[in-house]
Amino acid sequence: MTAPRPNQCLPMLMAAAILISTAAATAETELAESSGARPRIGLVLGGGGARGAAHVGVLRELERMRIPIDAIAGTSMGAIVGGLYASGMTAAELEELVASLDWATVLSDAPRRRDLSFRRKQDDEQFPIDLEFGIKDGGLLLPKGVVQGQKLDLILRELTIDVSHISNFDNLPIPFRAIASDIALGEMYVMGQGDLARAIRASMSVPGLIAPVQLDGRLLVDGGLVGNLPIDVMRTMDVDIIIAVNVEFPLYAPHELESAVAITEQMLTVLIRVETLRQIEQLKFDDVLISPELGTFAVTNFGEIAEAIGPGADATIAAGDKLRKLGVDEEAYAEYVARREVRKINDQRLAFVRIVHDGRVSTELLESRLGIESGDAINTKWLAAGADRLHGLDLYEQVSYRLVDEGGTTGVEYEAISKSWGPNLLKLGLSVEDDFAGSTAFNLSARLTRTGINRKGAEWRTDIRLGTDPLLFSEFYQPFGSNSRLFIAPRLEMRQSNLNAFVAEDAVARLRITEAETGIDLGAEIGSFGELRLGAYRGIGEARVKVGDPSLPNVDFDTGGFFASLRIDTLDSAYFPRHGVRADLRWNLSRSALGADDNFDTFESNFTAVWSRGKSSLQFGLGYATTMDSYDAVQDYFPLGGFLQLSGLQRGEISGPHTALTRLIYYRRVGSSSGGLFDVPVYIGASIEAGNAWRTRSDIRIDSLLFNGSVFAGFDTYFGPVYVAAGFGENGRTNYYLFIGSPN
């Protein structure tokens, strides 16, 4: 007989090895079945962003087939679904959760506006660009992720609260492993103990999008970089059969690679796919690979995430021939389900409350804002609300909590992590108003805030504005005590603005007003929704004719006096609110004893209230400003005109020592410009406005009101509100606007 050639031996040996391993695996399964012990089943859930909702459909069908799961390993979205299932949730509960969550909100950091301190509400209103920089060593610093994961962390805390006392993941209702990537070492990190919520959060920290997590001395990001389908990890968890679910995004076809973005996405997919294919090659004959048909369903398509559940169920049904033999009878499955039940944490109260932080402000200050005390019930909504209130101080990139067992009692420990890009924080603002008729206003603003200067929470705020209305403003804000609502605030301000001057009803000149002022204020915070101030000031200024009759005199003036102001803000959004009120009242007393040219008083008031039903909102606004003991100085006139300020008139077209404005604005959310994770709400609306400016109070009459209105489309973007509008006035006057920034 002729001996086999060398090149024929290798295929024969490989075939023999496959037959032997298959026979051995089958023998092991048959031996387990003959002895009455079922095979241990491990479930591997891969990463894939919103595509990972398909895992819920897989779990639903596995439950229907009565297939018990003995161990779970998950990456990224697979870690969320797998970790929550391992903690005791059912497939039905997961399906309801995935479908009901507002993922665009969960995957963001913005606190509810009611949780912001009043000073942070001012930042939100005046500097709408949703980006914050740090300034350190003369350079700009960016956060480590677009999203710091504040809301995501609190949601995970709530969902895992009943197993928060379990630190060894082998002791969960189902043993679990979460996979992350050590971004410093470039290697896989398997998490099998510690804080379950933090482990899940680390596994899905998409680099650049969601900030990394510091854990066990490592800097961890999304596990998909090194182990998107961790089959090899499951091999170490003492299982006999593996069910692996792969939800990776498919490769683009050549004709789809027509942009740099598409090519970059393809590059990342290829890099992840190489390791995934290596993992899939480790599957044995009795193992099951489920690959849901998700097509090009985007990993960021969280707006339609529930649509991925069905394909997961369909792919599981398609693998039914191989899966059904893994099922058990109803009695055995009922026993398995009973073992997964978790004792709920209820009717317990906090034995202690502790705050751990790394900032300069005192613990007493944080405790005064927390609103959680020992003796309170263990309620995840209340605990999360406390974290939100601390986060609303805007001193920390993340505020989290965890239940702690000490000496047989249970308390809560809050952890506040200072902004890595702080404490010098820079926010930007942009305001553009163009009426397409030659009248344009443009301002670019920046606010630099030095936070946490001392234990009492002092901060130094400096504003710079360049453009039509330049401004330099600086204020040092010093609370009297660590938990005091009283403060003192010395300030300095220099500004310029344009103002129209009138003779009778005709504008005869445009003046450039330049002012410089210094002052000191005493004030009190009113909860998180208001502020009361009393202050004294001294300043100088000039009014120069820029456009108009050159024979009109330029004016130099001195200012000085006292003021009292009250501001209230409970709006749930600075620009497109659905409910709440905003009120601004200011009484100014100009006094020659403090250097003013004359004695007179002015009073300014603005009030806004909003009501909503469904997607529609109605906003009522009322403003009134008047001068008493009239000092007819044009620099103290109040201007009107522009979008939503009598929309048929040009910006600041009329002014006077007495003005009034009332308006009714309707707007309705009609959709979004993008959908999914990066949602940009779109609104359509209309306004009715009435008001005027008068030289004397006796001129104020109903029949002298100017009636205006507008129709507009609004976009609540990451760069602030954007409006495209048409304004209408009396006598057929019409203005068209492109408006970026706050119209209020």
Side-chain angles (χ1 to χ4, degrees), residues 83-84 86-89 111-112 115 117 148-173 176 178 191-202 213-217 341-418 452 455 457 481-483 528:
L84 295 180
S87 72
M89 292 185 72
R112 292 173 302 179
D115 292 324
S117 67
Q148 302 306 308
Q150 173 68 17
K151 292 183 180 179
L152 175 61
D153 180 86
L154 294 181
I155 287 289
L156 293 173
R157 297 278 164 198
E158 178 180 354
L159 296 172
T160 61
I161 193 72
D162 293 323
V163 295
S164 59
H165 61 286
I166 299 176
S167 59
N168 186 335
F169 298 170
D170 284 337
N171 296 329
L172 292 169
F176 174 68
M191 293 169 285
Q193 60 183 2
D195 184 334
L196 178 61
R198 184 64 60 88
I200 295 173
R201 161 73 178 81
V213 171
Q214 289 276 1
L215 188 64
D216 301 333
E341 291 183 358
V342 177
R343 181 177 62 87
K344 302 295 182 182
I345 292 181
N346 51 29
D347 299 328
Q348 296 187 41
R349 295 194 174 274
L350 296 171
F352 57 88
V353 177
R354 187 161 59 219
I355 300 176
V356 178
H357 66 101
D358 57 357
R360 292 185 180 180
V361 301
S362 69
T363 302
E364 291 77 15
L365 186 154
L366 300 181
E367 289 173 344
S368 71
R369 301 300 197 270
L370 180 61
I372 303 293
E373 299 178 351
S374 59
D376 288 345
I378 297 178
N379 182 301
T380 55
K381 300 295 185 185
W382 297 352
L383 294 175
D388 283 338
R389 284 189 287 271
L390 294 187
H391 191 241
L393 295 172
D394 207 30
L395 298 172
Y396 305 102
E397 61 182 67
Q398 187 171 358
V399 179
S400 185
Y401 72 87
R402 66 187 183 98
L403 296 183
V404 178
D405 291 331
E406 290 183 358
T409 63
T410 300
V412 62
E413 180 178 278
Y414 284 87
E415 181 184 19
I417 302 173
S418 294
R455 290 176 54 81
S482 295
N483 58 358
S528 62

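No hydrogens, no waters, no symmetry mates; every other heavy atom, side chains included, goes into these values. All of these numbers come straight from a predicted model, not from anything done at the bench.
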- Correct closest heavy-atom pair for Y414 and V399 would be CD2-CG1, 4.4 Å

- Minimum heavy-atom separation for R343 to Q348, with atom names? NH1-NE2, 3.6 Å

- Starting at CD1 of I378, measure out to CG of L383 and round the result to the nearest 0.5 Å. 7.5 Å

- Does the pair L154 and D388 meet the rule for a side chain to side chain contact (heavy atoms under 4.5 Å, CB included), with working shown? CA-CA 9 Å; L154 294 181; D388 283 338; 3.3 Å; yes

- Answer whether the closest heavy-atom distance between the side chains of L403 and H165 falls below 4.5 Å. no

- So CG of D153 and CG of D195: to nearest 0.5 Å the spacing works out to 8.0 Å

- Any donor-acceptor pair under 3.5 Å linking the side chain of E341 with the backbone of G88? no

- Given E367 and N483, is the side chain to side chain contact (heavy atoms under 4.5 Å, CB included) satisfied, shown in steps? CA-CA 8 Å; E367 289 173 344; N483 58 358; over 6 Å; no

- Query: Rounded to the nearest 0.5 Å, what separation is found between the OG atom of S482 and the CG atom of L366?
  - Reply: 9.5 Å

- Any side-chain donor paired with an acceptor under 3.5 Å for H357 and S418? no

- Message: What's the separation between atom CZ in R112 and atom NE2 in H391, rounded to the nearest 0.5 Å?
- Response: 12.5 Å

- Item | Closest approach of R201 to Q398 (non-hydrogen atoms, all atoms of both residues) | NH2-OE1, 4.4 Å

- Note on the structure: Distance col, row L390:CG vs L365:CG, nearest 0.5 angstrom, shows 9.5 Å

- Query: Going from CG on L196 to CG on L84, what distance comes out if it is rounded to the nearest 0.5 angstrom?
  - Reply: 7.5 Å

- Partner residues of E413 under the salt bridge (charged side-chain N to carboxylate O under 4.0 Å, His left out) criterion, sequence neighbours left out: R354, R402

- Task: Measure the shortest side-chain to side-chain distance between I372 and Y401 over non-hydrogen atoms and say whether it is less than 4.5 angstrom.
- Result: no

- Message: Per the side-chain hydrogen bond (donor to acceptor under 3.5 Å, both in side chains) rule, what does the pair list look like for residues 374-385, sequence neighbours excluded?
- Response: E158-K381

- Task: Report the C-alpha separation of L370 and R389 in whole Å, then their side-chain angles, then the decisive distance to 0.1 Å, and conclude whether the side chain to side chain contact (heavy atoms under 4.5 Å, CB included) test is met.
- Result: CA-CA 6 Å; L370 180 61; R389 284 189 287 271; 5.8 Å; no

- Query: Please walk me through it: do M191 and R198 pass side chain to side chain contact (heavy atoms under 4.5 Å, CB included)?
  - Reply: CA-CA 10 Å; M191 293 169 285; R198 184 64 60 88; over 6 Å; no

- Item | For L350 against G411, the heavy-atom pair lying closest together | CD2-C, 4.0 Å

- Query: Around atom CD of E406, are there more than 12 heavy atoms of other residues, nucleotides or ligands at under 6.0 Å?
  - Reply: yes

- Task: For the residue pair V342 and S87, establish whether any side-chain heavy-atom pair is separated by less than 4.5 Å.
- Result: no

- Which atom of I166 lies closest to which atom of N168, heavy atoms considered: CG2-O, 3.2 Å

- Query: With under 30° as parallel and over 60° as perpendicular, where do the rings of F169 and F176 fit, or are they tilted in between?
  - Reply: tilted

- Message: Under 4.0 Å between a side-chain nitrogen and a carboxylate oxygen: does that hold for K344 and D162?
- Response: yes

